[in-house]
Amino acid sequence: MSTEHLSRELASFAAHLKASDIPSDVMSRAEDLLVDWFGSAIAGKGSRPVETITQFAQTMGGFDNSHSGPSEILISRKNSSPFLAAMANAAASHVAEQDDVHNGSVFHPATVVFPPALACAQAIGASGEDLLVASVAGYEVGIRVGEFLGRSHYKVFHTTGTAGTIAAAAAVGRLLKLSPVQMLHAFGSAGTQSAGLWEFLRDAADSKQLHTAHAAATGLMSAYIAQAGFTGAEHILEGKQGLAAGMSSDADPKKLVDRLGTRWALAETSFKFHASCRHTHPAADALLQVMIANKLKPSDIAKVETLVHQGAIDVLGPVTNPATVHQSKFSMGTVLALVAHYQFAGLQEFDEHFKDDAICLFRDRVTMMLDPEVDSAYPQRWIGKVKVHLNNGQILDGRVDEPKGDPGNTLSRTEITDKAMRLAAFSKGASPAEMSKAIDSLWNIRKQAKVGPLLPSN
């Protein structure tokens with residue numbers, strides 16, 4: 001083992017990061033991701049698991065019937081402690097399956113970085129620029145931890161729940177101006193509480209929202225207690241009994257510090273176009289390509305073979321007959337059926353049609369097959385390949401190298417704004433006027449001397 005202290009190096013980077021260190025285009029990308037996250041958070045309103053966690057947070061904070069507390073719970077328009085607001089907002093932003101994803105780490109940064117960062121910034125009166133810098137720190141740290149833990153980790157563990165604790169600690173630690181040593185202790189406390197298992201998918205359980213709620217709140221707590229002198233394991237990531245030892249068989253320590261300060265992993269993050277697990281998107285886009293190019297109707301198609309990476313089979317394979325809207329977002333067949341019928345697998349399509357006879361019939365004609373090319377490219381590249389078998393015996397091949405939302409096929413600011421407005425309209429979490437005002441504020445967050453509430457209180 002190298003004598004390098006990689007956890008310390010990563011913690012020092014997060015503690016010392018300044019706005020002047022970050023390229024302007026990366027800061028702009030952070031604004032894009034912030035607006036995109038806000039839409040997903042508002043989309044959580046009305047979801048039973050989210051409302052349950054939010055009600056718990058409000059009750060535990062003693063703020064159930066008041067507006068006390070410095071930090072905003074977005075879907076309830078009440079204020080609470082930073083810890084509980086981070087918990088509620090993180091749960092809310094991970095239920096619509098529209099939050100961002102970093103391909104190489106198979107990690108959803110926004111939902112565990114922005115909720116604790118916003119809650120802390122509102123509590124301490126930080127500037128908008130400070131919020132963005134802290135968020136960049138959270139992305140850079142969390143993505144690298146996810147990459148470090150590797151593919152073996154993701155087979156069992158939900159990386160957003162595990163690496164997410166460290167990402168949240170980095171973001172909040174930067175806002176609290178932790179020293180490198182304090183940041184290292186925050187990582188240690190966050191890492192020892194990392195959790196999140198994929199077993200919930202088999203039962204259509206609510207755990208996915210719990211994973212992000214726990215990661216965001218735990219990371220925030222870890223940073224705050226480190227500021228007060230609480231110590232954590234100094235080699236929590238790469239140590240003999242650390243995260244990798246317990247949760248990975250292919251961890252690569254070098255990835256923890258890969259080109260720190262020159263490679264901006266935040267800029268590699270993808271937006272979600274369809275409202276489903278990202279593993280379904282490449283095949284969905286490839287099917288849509290074939291159908292548009294050949295002017296096909298769903299009734300023309302006998303079956304669809306999707307050629308996928310092993311991660312897709314591991315996560316989506318258990319979901320064969322989805323019982324809930326959320327579980328259906330992890331069904332390759334359901335997603336492709338919706339795309340075939342509606343050209344888009346959005347919140348409304350899932351909510352209204354996932355159990356339709358026509359959708360179920362198409363769903364059951366979709367299969368997944370491991371493809372060596374797709375698997376070897378993953379997770380750095382998520383290639384979409386399909387074989388579309390027609391009723392007339394013809395077989396058409398479809399391929400997409402960069403699904404809609406990837407950095408090379410990204411969303412414009414207009415598309416990001418429209419997506420956020422659409423999400424809010426679906427959940428009725430905010431009026432068009434409220435969303436427009438909040439989004440305008442977020443596009444101009446760098447100019448704000450103090451981060452305030454995004455929505456009017458009830």
Side-chain angles (χ1 to χ4, degrees), residues 34 36-61 63-64 69 71-101 108-119 158 160-161 164 168 195-196 200-201 203-220 272 275-277 322-330 346-348 350-351 354 419-431 434-435 438 453-455 457-458:
L34 176 59
D36 188 68
W37 163 77
F38 178 66
S40 283
I42 300 302
K45 185 172 179 63
S47 163
R48 181 189 48 76
V50 172
E51 296 287 352
T52 300
I53 291 174
T54 298
Q55 185 60 44
F56 167 81
Q58 291 172 183
T59 302
M60 291 298 104
F63 304 134
D64 197 28
S71 303
E72 182 180 18
I73 296 179
L74 293 169
I75 67 164
S76 69
R77 311 290 184 91
K78 296 182 185 296
N79 282 11
S80 190
S81 68
F83 179 84
L84 295 170
M87 176 188 295
N89 291 336
S93 51
H94 201 48
V95 72
E97 293 297 331
Q98 291 269 257
D99 48 319
D100 64 13
V101 62
H108 302 279
T111 195
V112 291
V113 169
F114 289 125
L118 176 65
H158 182 201
T160 305
F200 75 90
L201 278 175
D203 307 309
D206 299 332
S207 308
K208 200 164 190 269
Q209 286 71 63
L210 186 62
H211 292 175
T212 54
H214 173 263
T218 291
L220 180 143
K272 275 191 176 182
S276 60
C277 175
T324 67
V325 171
H326 190 256
Q327 192 184 34
S328 74
K329 297 179 179 188
F330 292 82
L347 294 181
Q348 187 169 345
F350 277 103
D351 193 54
F354 90 95
K419 175 184 168 184
M421 296 292 290
R422 188 169 63 245
L423 291 172
F426 178 83
S427 70
K428 298 180 174 59
S431 70
E434 289 171 337
M435 283 298 289
L454 297 177
L455 294 170
S457 60
N458 284 338

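These numbers come from a predicted model, not from an experiment.
Residue Leu74 holds its CG atom at 11.5 Å from OG of Ser40, rounded to the nearest 0.5 Å. Interatomic distance, CH2 of Trp37 versus CD1 of Ile42, reported as 7.5 Å (0.5 Å rounding). Between the CE atom in Met421 and the OG atom in Ser431 there is a gap of 8.0 Å [rounded to 0.5 Å]. For the atom pair Ile53 CD1 and Thr212 OG1, the distance stands at 7.0 Å (nearest 0.5 Å). Between atom CG of residue Leu210 and atom NE2 of residue His158 there is a gap of 11.5 Å, rounded to the nearest 0.5 Å. Note that CE of Met60 is 11.5 Å distant from OG of Ser81, once rounded to the nearest 0.5 Å.
Residue pairs meeting the salt bridge (charged side-chain N to carboxylate O under 4.0 Å, His left out) criterion with at least one member in residues 50-59: none, sequence neighbours excluded. Residue pairs satisfying the salt bridge (charged side-chain N to carboxylate O under 4.0 Å, His left out) criterion with at least one member in residues 82-92, sequence neighbours excluded, are absent.
Listed by chain and number, the residues in a side-chain contact (heavy atoms from CB on, under 4.5 Å) with Phe200 are Trp198, Ala205, Ser207, Lys208, His211 (sequence neighbours excluded). With sequence neighbours excluded, the residues satisfying side-chain contact (heavy atoms from CB on, under 4.5 Å) with Ala43 are Ala96, Leu347, Leu423. Among residues two or more places apart in sequence or in another chain, the side-chain contact (heavy atoms from CB on, under 4.5 Å) test is passed with Ser76 by Thr54, Gln58, Ile73, Lys78. Residues satisfying the side-chain contact (heavy atoms from CB on, under 4.5 Å) test with Ala323, not counting sequence neighbours, are Gln327.
At least one donor-acceptor pair closer than 3.5 Å links the side chain of Thr160 to the backbone N or O of His108. Side-chain N or O atoms of Asn89 include none that pairs as donor or acceptor with a backbone N or O of Pro115 at under 3.5 Å. Lys419 places a side-chain N or O within 3.5 Å of a backbone atom of Lys272 that can act as its donor or acceptor partner.
Closest non-hydrogen pair, Ala195 versus His214, comes out as CB-CE1, 4.5 Å. The heavy-atom pair separating Ala92 from Ile75 by the smallest distance is CB-CG2, 4.1 Å. The shortest non-hydrogen separation linking Ala216 to Ala86 is CB-O, 3.9 Å. Nearest heavy-atom pair across Thr111 and Ala90 is OG1-O, 3.1 Å. For Pro453 against Glu72, the heavy-atom pair with the smallest separation is CA-OE1, 3.3 Å. A pairwise comparison of heavy atoms in Ser71 and Ala119 identifies OG-O, 2.7 Å as the closest pair.
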Can Lys329 and Phe354 be said to form a side-chain contact (heavy atoms from CB on, under 4.5 Å), step by step?
CA-CA 9 Å; Lys329 297 179 179 188; Phe354 90 95; over 6 Å; no
Kindly indicate, with the supporting measurements, whether the criterion side-chain contact (heavy atoms from CB on, under 4.5 Å) is fulfilled by Leu118 and Leu454.
CA-CA 10 Å; Leu118 176 65; Leu454 297 177; 4.0 Å; yes
Going through the checks in order, is the side-chain contact (heavy atoms from CB on, under 4.5 Å) test met by Asp351 and Phe426?
CA-CA 10 Å; Asp351 193 54; Phe426 178 83; 3.7 Å; yes
What verdict does the side-chain contact (heavy atoms from CB on, under 4.5 Å) test give for Asp206 and His326, after you've listed the backbone C-alpha separation in whole Å, the side-chain angles of each residue and the deciding distance to 0.1 Å?
CA-CA 9 Å; Asp206 299 332; His326 190 256; over 6 Å; no
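Side chains of Met87 and Leu220 form no contact here, defined as non-hydrogen atoms less than 4.5 Å apart. Side-chain contact check for Phe114 versus Asp36: every heavy-atom pair is 4.5 Å or farther apart.
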